[in-house]
Amino acid sequence: MPKDTFFNLSEEKRERIIDAAYDEFIEYSYDNSIIHRIAKNAGIPVGSFYQYFEGKDDLFIYMIDNIQNKINEYRQKKYNILDIFIANREINLDEILTHKEMKLIKVFYNIPNDLMKKIFFEHSLEDGTKAIKKYLSQLKQKDMLNEKVDIDFLSYILHTLSFNIYMYHKDNNLD
């Protein structure tokens, strides 16, 4: 996540940095993106970039988090959590995300496996299981899930399953 110094910047400067990062990742892919170009296009010294972020991974994860938060907020406003999971409600991302955010999602699906593992297991494990835990708790309250089920364990299993599904799709070039 960004360092506190990033959040102390003016909104205009933060947006300039993030916009330059969008352009870089979209044009060059994650693997071929470099901090030097991002900093140059944002109009900041490279050294300043490292006052705001640990590196490219940190910046990319922050951007993906912002997109995921937008999607989650939309789902929570539009649907009951049981509707999302049980009815498998699909959402039209074009309604929620900007053009650049949509393009960054495509970049996300081609990031290196080690970064994907970092996102799933070091960064988003707690947040990723929170919604699942909420859903499972609601199922228990409605007597739709055995009360003996360990929600923490099951939510971890479902979160790791989503990672494995992603990897299977990536390895087999599936959408």
Side-chain angles (χ1 to χ4, degrees), residues 1-77 81 84 91 93 96-136 151-153 155-167 169-170:
M1 293 308 299
K3 298 176 184 179
D4 289 339
T5 52
F6 178 74
F7 296 109
N8 293 333
L9 296 173
S10 69
E11 185 175 339
E12 181 273 328
K13 192 169 188 177
R14 285 193 314 264
E15 287 177 6
R16 206 171 63 230
I17 294 167
I18 297 303
D19 196 50
Y22 270 112
D23 293 342
E24 180 73 12
F25 290 131
I26 290 167
E27 184 173 346
Y28 295 100
S29 80
Y30 179 83
D31 285 333
N32 297 316
S33 294
I34 57 173
I35 299 302
H36 179 78
R37 261 193 314 257
I38 293 171
K40 180 182 175 191
N41 292 333
I44 62 169
V46 173
S48 292
F49 175 87
Y50 290 103
Q51 291 178 342
Y52 311 138
F53 295 93
E54 291 295 326
K56 185 168 71 167
D57 287 3
D58 197 29
L59 171 62
F60 190 81
I61 291 169
Y62 173 71
M63 295 169 70
I64 290 296
D65 269 357
N66 285 339
I67 292 171
Q68 188 61 52
N69 289 338
K70 263 177 116 170
I71 294 168
N72 290 343
E73 287 173 18
Y74 175 85
R75 281 183 173 152
Q76 289 171 6
K77 287 178 186 172
I81 192 160
I84 295 169
I91 58 173
L93 294 179
I96 307 164
L97 304 178
T98 66
H99 182 67
K100 285 185 178 184
E101 289 168 334
M102 292 291 291
K103 286 188 171 211
L104 191 68
I105 288 174
K106 291 179 181 180
V107 172
F108 172 76
Y109 287 112
N110 292 304
I111 62 175
N113 291 349
D114 61 332
L115 179 57
M116 185 57 71
K117 287 177 188 174
K118 183 177 181 179
I119 290 170
F120 266 83
F121 298 113
E122 293 176 29
H123 179 71
S124 71
L125 181 61
E126 185 177 329
D127 290 340
T129 58
K130 187 187 289 184
I132 298 169
K133 286 179 188 179
K134 184 176 178 181
Y135 166 66
L136 294 173
I151 289 176
D152 289 333
F153 177 69
S155 63
Y156 179 81
I157 294 296
L158 292 172
H159 182 76
T160 57
L161 176 63
S162 65
F163 171 78
N164 286 296
I165 290 169
Y166 161 80
M167 293 303 295
H169 280 83
K170 184 176 179 181

Query - Phe7 CZ: over 12 foreign heavy atoms closer than 6.0 Å - result: yes
Query raised in the report: Is the shortest heavy-atom distance from the side chain of Phe49 to the side chain of Leu59 under 4.5 Å?
Result: yes
Query raised in the report: Parallel, tilted or perpendicular for Phe60 and Phe25, by the 30°/60° rule?
Result: perpendicular
Query raised in the report: Can you tell me how far the OH atom of Tyr166 sits from the CG atom of Asn113, to the nearest 0.5 Å?
Result: 6.5 Å
Query raised in the report: Quick one: does Glu24's side chain have a donor or acceptor within less than 3.5 Å of a partner on Ile34's backbone?
Result: yes
Requested in this report: Ignoring hydrogens and angles, tell me if any N or O in the side chain of His159 forms a donor-acceptor pair with the backbone of Ser155 under 3.5 Å.
Outcome: no
Requested in this report: Dump the intermediate steps for salt bridge (Lys or Arg N to Asp or Glu O under 4.0 Å) on Lys100 and Asp19, then the final yes or no.
Outcome: CA-CA 9 Å; Lys100 285 185 178 184; Asp19 196 50; 2.7 Å; yes
Query - 4.5 Å side-chain heavy-atom contact, Lys56 and Tyr30 - result: yes
Query - Candidates Val107, Leu104, Asp58 - the one meeting side-chain contact (heavy atoms from CB on, under 4.5 Å) with Met63 - result: Leu104
Query raised in the report: Should Tyr52 and Lys13 be marked as a side chain to side chain contact (heavy atoms under 4.5 Å, CB included) after you check the CA-CA gap, both sets of side-chain angles, and the distance that decides it?
Result: CA-CA 11 Å; Tyr52 311 138; Lys13 192 169 188 177; 3.7 Å; yes
Query raised in the report: Within a strict 4.5 Å, meaning less than it, do heavy atoms of the Leu97 and Ile71 side chains meet?
Result: yes
Requested in this report: Taking the side chain as every heavy atom from C-beta outward, state whether Gln68 and Phe108 have any atom pair closer than 4.5 Å.
Outcome: no
Query raised in the report: Can you tell if the side chain of Lys170 reaches within under 4.5 Å of the side chain of Tyr109, non-hydrogen atoms only?
Result: no
Requested in this report: Using a 4.5 Å cut-off on heavy atoms from C-beta on, say whether the side chain of Phe121 contacts that of Thr160.
Outcome: yes
Requested in this report: Walk me through it: do Met102 and Lys106 pass the test side chain to side chain contact (heavy atoms under 4.5 Å, CB included)?
Outcome: CA-CA 7 Å; Met102 292 291 291; Lys106 291 179 181 180; over 6 Å; no
Query raised in the report: Do Phe6 and Ile18 have side chains that get closer than 4.5 Å, going by heavy atoms?
Result: yes
Report task. Tell me, with the steps shown, if Asp57 and Ile119 meet side chain to side chain contact (heavy atoms under 4.5 Å, CB included). Result -> CA-CA 9 Å; Asp57 287 3; Ile119 290 170; over 6 Å; no
Requested in this report: Give a yes or no on this: more than 12 heavy atoms of other residues, nucleotides or ligands lie within 6.0 Å of atom CG of Asp4.
Outcome: no
Query - Any side-chain heavy-atom pair of Lys117 and Glu122 under 4.5 Å - result: no
Query raised in the report: Nearest heavy-atom pair of Lys3 and Gln51: which atoms, and what distance?
Result: CD-O, 3.3 Å
Query - Distance in Å, Asp152 CG paired with Lys133 NZ, rounded so as to fall on 0.5 Å steps - result: 4.0 Å
Requested in this report: Show the numbers, then the answer: is there a side chain to side chain contact (heavy atoms under 4.5 Å, CB included) between Arg16 and Ile44?
Outcome: CA-CA 9 Å; Arg16 206 171 63 230; Ile44 62 169; 4.0 Å; yes
Report summary line: Minimal heavy-atom distance between Leu9 and Arg14, with the atoms involved, is O-NH1, 2.6 Å
Query - Interatomic distance, Ile105 atom CD1 to Asn110 atom CG [nearest 0.5 angstrom] - result: 13.0 Å
